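A note on names: the letters A, B, ... follow the listed sequences, proteins ahead of strands, and every chain is numbered from 1. Fair warning: this is a prediction, and the values are worked out from it, not measured in the lab.
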Protein chains: 2
Amino acid sequence: MDQDQITRIRNFGRAVAVEVGALEDSFLDRGRPLGAARVLNAIGLGYQNVADIRSVLKLDTGLLSRLLRSLEAEGLIETSPHPQDRRARVATLTRKGQAEFDIYETLSDERAAQILNRHKNAPRLLEAMDIVTIALSREEIVFEEIDYASDLATTCLNAYAMELGARLNVEFDLKKAGDPDLSQMKHPHGTFVVARLGDMPVGCVGVKGNGGQLAEIKRMWIAPAARGLGLARRMMTAAEDAARDLGIEVLRLDTNSTLFEAVKLYQTMGWTQIDRFNNDPYPDLFFEKHL
Amino acid sequence: MDQDQITRIRNFGRAVAVEVGALEDSFLDRGRPLGAARVLNAIGLGYQNVADIRSVLKLDTGLLSRLLRSLEAEGLIETSPHPQDRRARVATLTRKGQAEFDIYETLSDERAAQILNRHKNAPRLLEAMDIVTIALSREEIVFEEIDYASDLATTCLNAYAMELGARLNVEFDLKKAGDPDLSQMKHPHGTFVVARLGDMPVGCVGVKGNGGQLAEIKRMWIAPAARGLGLARRMMTAAEDAARDLGIEVLRLDTNSTLFEAVKLYQTMGWTQIDRFNNDPYPDLFFEKHL
DNA sequence: GATTATAGCTGACTAAAGTCAGCCATATGG
DNA sequence: CCATATGGCTGACTTTAGTCAGCTATAATC
C-alpha cells in the first residue's frame, strides 16, 4: 500500500472531521445537547419507531428513553404505543417539534450552501463528493425495477438527457429522440431498472417492448460519479435478466460512436453489430443480442 | 441555490460523519478516552508545546492540564519546562508513548487502506478526495519560493513528469527534456515557486535564468484536484513577480499545443507567440513576455 | 526591584453521555 | 393458560467533557 495515497486519505479525513465538528457546533447553538438534537432529527427524518431510532443512532435503551423524555418535556415530540405491538412505541413531532426540526434542516442546508459558495467549480466539487459518498457507503448498490414515470426515474432520465446533449454537442431532447410511450417500458411489455445506493440514483436502463419476442434497450445511463466501478456491466446484465423474465428472446439497441465506453462494453458482452433499424437522428451504431 | 446540490452535499456529509465516527470508535477501543487520545496524537504529530496543543485542539487550560496528567500517569509522556521560557512546558512521548502513538497511526492508516481497498478505481477516488480536501480547507493557498532540489519540489516535479508523459503519450523524462541545472533555478539566477495548502502541494513553476535579462518559465504544473480554481493565473503572476524581483526583463516559455488550457492562459495574460528558440523534442509552441 | 503579564496547575463544580440491573406491560409459542 | 421473550422505562451509578476562580512560578516592563 502506497504511503502517499494513505496520506491523501488521511488529509481528507482531517478536513472533513473539522467540517463535521463545525456542523455539530452549529447544532449546539440551538441550546440543546447534541444527543437530544440527534434524536429529534432522526424522528424528523422518519425514524419514528423507538427501536429504529435506537439502532440508527446506536443508543442504549436507557439513554434514548431519557432523551425522548426530555424532548417530550420540551413539547417537541409525542410518543404513543405502536398500533401493531403495544410494547413498542412510536414518536412523532408536534407542530413545535416540526418547526425545530426545520431549523436544524436549515442549518444543515446553510452549511452545505456555504461550502458550495466558497468554491469556484461547483459541478466538479459535487461530482467529487458523490464519488466519495459512493466509496464510503457501506450499503450495496441495489437494482430495482421501477415505474418509468416515477420521480427517481425522471431524475435519471434528466441526467441522461443533459449528458448526452453535452456529449453529442446538441440540445438533446428526450421527446424528439423517440420517447417511448409509458406502457412499452412497463410490465408485461418492458421494464425500467434503476441502480441506487440508498436514495441516490447511480444508473438506469430501460427495456422497451411491445409484447413480441423482440425488445429494445433504451436510456442506459451511469452516474458520472459511479463510473469505473464495473456498474455498466451489472446494469446490462440486470436488463438482460429482466428481459428474459419477460419472455423476450432478442434485444436490440442503438448508440452513438461518441459513447465509446458503451460501445466497447456491448462488444465484450456478446452483442453483435447490425444494420440501422430506425431513423433516429442521434444513433449511428446498432447492436443485437440473442438471449 | 439548487436543492439537489444541497442534497448531494448533505448525503456526502452523512457518509463522512459515519466514517469519522468509526475512526473515533476504533480509537476508543484502545481503552483511553478520546480527549486523551487526541492529546497523545497531537504530541506525536509534533505539537509539543502545551500552548500549541491547546490551540490546535481548542482545549481549556484546566482540561488539557488534567489530560496531560493522565497521560503522564500512564507513562506515555513526560513534561518539562520550556528551555526558553520556564513558565511554559513541553511534552514529549516516552518510548511507551511513542509505541502507543504508533498504534493510533496504524489504526488510521488501516482505515484509510480499507477505503482504498474496497474501491475499484483508486486514482479517481483519491483525486475526488483531494478536491474535497481543498474545498473544505479553511487555509489559504500560499506561494513560496523553495529549493528546486527539496522534497516538496521533487513531489511536484514527479507529478508534472508523469502527467506530461500521459498527456503527450510518451515516456516523458525530465532528464532528457533539458533538465536545468540547479543553479539556474536558484537565486540569484532564477527561482522555483510552489503553491501549497498546508503541506499538500497544489502547483509549481520554475524561473530558469543565467544572470542575463532573459529567463525562461519551466515546469509549470497544477495538481489535477486544484484545477478550475484560477490557480494557474495566480501561479504565473507569482512567477512573473519573482522574475521581476530578480531583475529579469524578458520571460520566455515553450509549451505543447496539447496543453490547450495553458496555451489559452498565456494568450490572455499578455504573452505573445514567438519563433522556436530551442530544439527540445516535446514543445511545439513558444511564447515571450516583456515584464 | 516593584509591578504587571503570562503559562500552566489545582480544586470545585456542572452537564452530558453512557452503563446496568431490575421492573412492568405486552407478545409469543407451546 | 403458563412459561418465556421482548420493548421500553426507571433508578442508581460512573465516566468524560467542560468551566471557572484562584494559585504559583516565571518573564517582561519600566
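Between the side chain of Arg227(B) and the backbone N or O of Ile222(B), at least one donor-acceptor pair lies under 3.5 Å. Side chain of Ser137(B) to backbone of Thr133(B): no donor-acceptor contact under 3.5 angstrom is found.
Under 4.0 angstrom from either OP1 or OP2 of dG8(C) there lies at least one side-chain N or O belonging to Arg54(B). Look at Arg89(B) and you won't find any side-chain N or O under 4.0 angstrom from OP1 or OP2 of dA7(C). For dC24(C), the OP1/OP2 oxygens have no side-chain nitrogen or oxygen of Arg87(A) closer than 4.0 Å.
Arg69(B) comes within 4.0 angstrom of sugar-phosphate atoms only, judged by non-hydrogen atoms across all strands, and of no base. Here Asp85(B) lies in heavy-atom contact (under 4.0 Å) with sugar-phosphate atoms only.
Close approach of DNA chain D to chain B, defined as any atom under 4.0 Å from a non-hydrogen atom of the protein, starts and stops at dT16(D) to dA27(D).
We find that Glu105(A) and Arg10(B) are joined by a salt bridge, their nearest charged nitrogen and carboxylate oxygen being less than 4.0 Å apart. Salt-bridge formation is detected for the pair Glu24(A)/Arg38(A): a Lys NZ or Arg NE/NH1/NH2 atom is positioned less than 4.0 Å from an Asp or Glu carboxylate oxygen. Checked for salt-bridge contact, Arg111(A) and Glu19(A) meet the test: a charged N lies under 4.0 Å from a carboxylate O. Here Arg124(A) does not pair with Glu127(A) in a salt bridge; the nearest charged N to carboxylate O distance is not below 4.0 Å. Residues Glu74(B) and Lys96(B) are not paired through a salt bridge, judged by the lack of any N-O separation under 4.0 Å between the basic side chain and the carboxylate.
Between the C1' atom of dA17(C) and the NZ atom of Lys58(A) lies a distance of 16 Å, rounded to the nearest Å. Taking atom CG of residue Leu68(B) and atom P of nucleotide dT10(C), one finds them 10 Å apart after rounding to whole Å. Taking atom NE2 of residue His82(A) and atom C1' of nucleotide dA25(C), one finds them 16 Å apart after rounding to whole Å. Atom pair Ile53(B):CD1 and dG8(C):C1' shows a separation of 12 Å (rounding to whole Å applied). What separates CD of Gln84(A) from P of dT28(C) is a distance of 11 Å, to the nearest Å. With rounding to whole Å, Leu64(B) atom CG is found 14 Å from dA7(C) atom P. Taking atom CG of Leu67(B) as the reference point, atom C1' of dC9(C) lies 13 Å away to the nearest angstrom.
For the contact set between residues 23-48 of chain B and DNA chain D, defined by any heavy atom under 4.0 Å, the members are Pro33(B), Leu34(B), Gly35(B).
Here the options are Thr92(A), Leu68(A), Thr94(A), the test is side-chain contact (heavy atoms from CB on, under 4.5 Å), and the partner is Ile77(A); only Leu68(A) passes.
Mapping Leu63(A) and Ala51(B) onto DNA chain C by nearest heavy atom places Ala51(B) closer to the 5' end of the strand.
Judged by distance alone, the side chains of Gln48(A) and Asp52(A) never bring a donor and an acceptor atom under 3.5 Å apart.
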